[in-house]
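Read the structure below first, then the notes.
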2 protein chains.
Amino acid sequence: MIKGTEQKIKDAALTVFIQKGFANCTSREIAREAGMNVALVNYYFRSKSKLFAIIFESVMQDFLKSMVQVFQSNLPFREKIRLLIEREFEFLSQNPEIPNFVLNELSRNPKSIENLLPVLHMVTESGVFDEAKKLQSQGDMRPMDLVQVTLLIMSNCQYPFMAAPLMKVIHGIDETDYKNHLTVHKTHAVTMVLGYLFPNDHSSNHA
Amino acid sequence: MIKGTEQKIKDAALTVFIQKGFANCTSREIAREAGMNVALVNYYFRSKSKLFAIIFESVMQDFLKSMVQVFQSNLPFREKIRLLIEREFEFLSQNPEIPNFVLNELSRNPKSIENLLPVLHMVTESGVFDEAKKLQSQGDMRPMDLVQVTLLIMSNCQYPFMAAPLMKVIHGIDETDYKNHLTVHKTHAVTMVLGYLFPNDHSSNHA
DNA sequence: TTAGGTTTTAAACAATTGTTTAATTGTGTT
DNA sequence: AACACAATTAAACAATTGTTTAAAACCTAA
């Protein structure tokens, strides 16, 4: 299939923005990556900032919608968490720079998330939070604030990908080695998080 | 005490670099923060890059030396881990932007860590890794690669601070609320990680 | 074919960047 | 006081930035 000019620019922008961040790249760099003139980028997207906003929002939408999809499934809560973690590892294996990209932008410009509030509400409205609270009141899940639950899950999924350069140099290993460690790490993350959230269920507490 | 010009520049650079990153700030911004002329910054540090390198290395040294200090103590291994996590939370409470700062720079310029290899070796030479391996062979610690152990610890310490802007917007809470969640989260991190690393020791497995 | 429009380009714009120059101020020594 | 040297500044430099302009190339329909 042939890609139109607009899509070519979006693809190039995604590549460059994610790799170098907003401030650390130039309009001309994006144009070059897309194989065209600088002016044409602005002809389609008015400005570097507007182009960035579009890319950022599309990345966030993909990310959040994948989460919501898991939450809306009719799996038991415990399996939702497991699936969420496994999916996250899969996704991040192919897009390891996305967490950094998102967090950087949010700290650079906290308002950038405003247009995404509707998508964010889909998470709340999916009912996962209520589901968790119910399990907690039944004693089937460790009682703790859901902010902590979110943190436990995302910490153990996202950080290992974000910290790749640091880990490689600390342990003196290369890219391939580290990727192998990451696939192993997925099972640890699943076992540990589930084991902590559901301390009464010993079916998969110990590897 | 009176601060000399050179130190004033370093302080200003630390503030600005950490807050905005290398690419997203200007030499003039640093000079203004230090209350002086742009040329004076270069008079003392030759260039923006050289100044950044100095700041980066000093931040990393503080960070790593604090780790080594824990490792060199004569606490039992389990307590070293606990102390490490607690110290990390303390440190990050007052310097929450440092992980982002470090990881960004490492991905922007992987060579920036080269001058720090000697300090990095202090971690290896502290003997923690051997200590862990010994405990594992004795069956006192869950058998797993030490890369994974490092990851488990750092994920659950650093990510919660890095993801503050994202978490605040996902759960619709403000800075104060989130800080409270972070202090609670420390106990979860300690309990979960220790419980996972030492599954046979039930003394503090369940909160 | 040609007229009217869209798409693409080269060139220019003003603003900002990191860095340097040359002059000014300050400080301490003789 | 006069000199020498360090510290500080204002001004300028060339390069790069995001953005705009005006012309060229392309397309489509009559």
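Computed over heavy atoms, backbone and side chain alike; hydrogens, waters and symmetry mates excluded. Below, chain A is the first sequence line, B the second, and so on; all start at residue 1.
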Contacts table for residues 120-134 of chain B: side-chain donor-acceptor under 3.5 angstrom, sequence neighbours left out:
| from | atom 1 | to | atom 2 | distance (Å) |
| --- | --- | --- | --- | --- |
| B:Ser126 | OG | B:Val123 | O | 2.7 |
| B:Glu131 | OE1 | B:Lys80 | NZ | 2.9 |
| B:Glu131 | OE2 | B:Lys80 | NZ | 3.4 |

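Applying the ring-ring contact (aromatic ring centres under 6.0 Å, His included) test to A:Tyr178 and every residue at least two apart in sequence or in another chain returns nothing. With sequence neighbours left out, B:Glu86 forms a side chain to side chain contact (heavy atoms under 4.5 Å, CB included) with B:Arg82, B:Lys186, B:Val190. Scanning for salt bridge (Lys or Arg N to Asp or Glu O under 4.0 Å) contacts around A:Lys8 gives an empty result, with sequence neighbours left out. The side chain to side chain contact (heavy atoms under 4.5 Å, CB included) test applied to A:Leu40 returns A:Thr5, A:Met36, A:Tyr43, A:Tyr44, not counting sequence neighbours.
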Margin query: Within the 4.0 Å limit for protein heavy atoms, which parts of nucleotides 6-22 of chain C are touched? Write it as a string from 5' to 3', B for base, S for sugar-phosphate only, - for none.
Written below: SBBBB-B----SBBB--

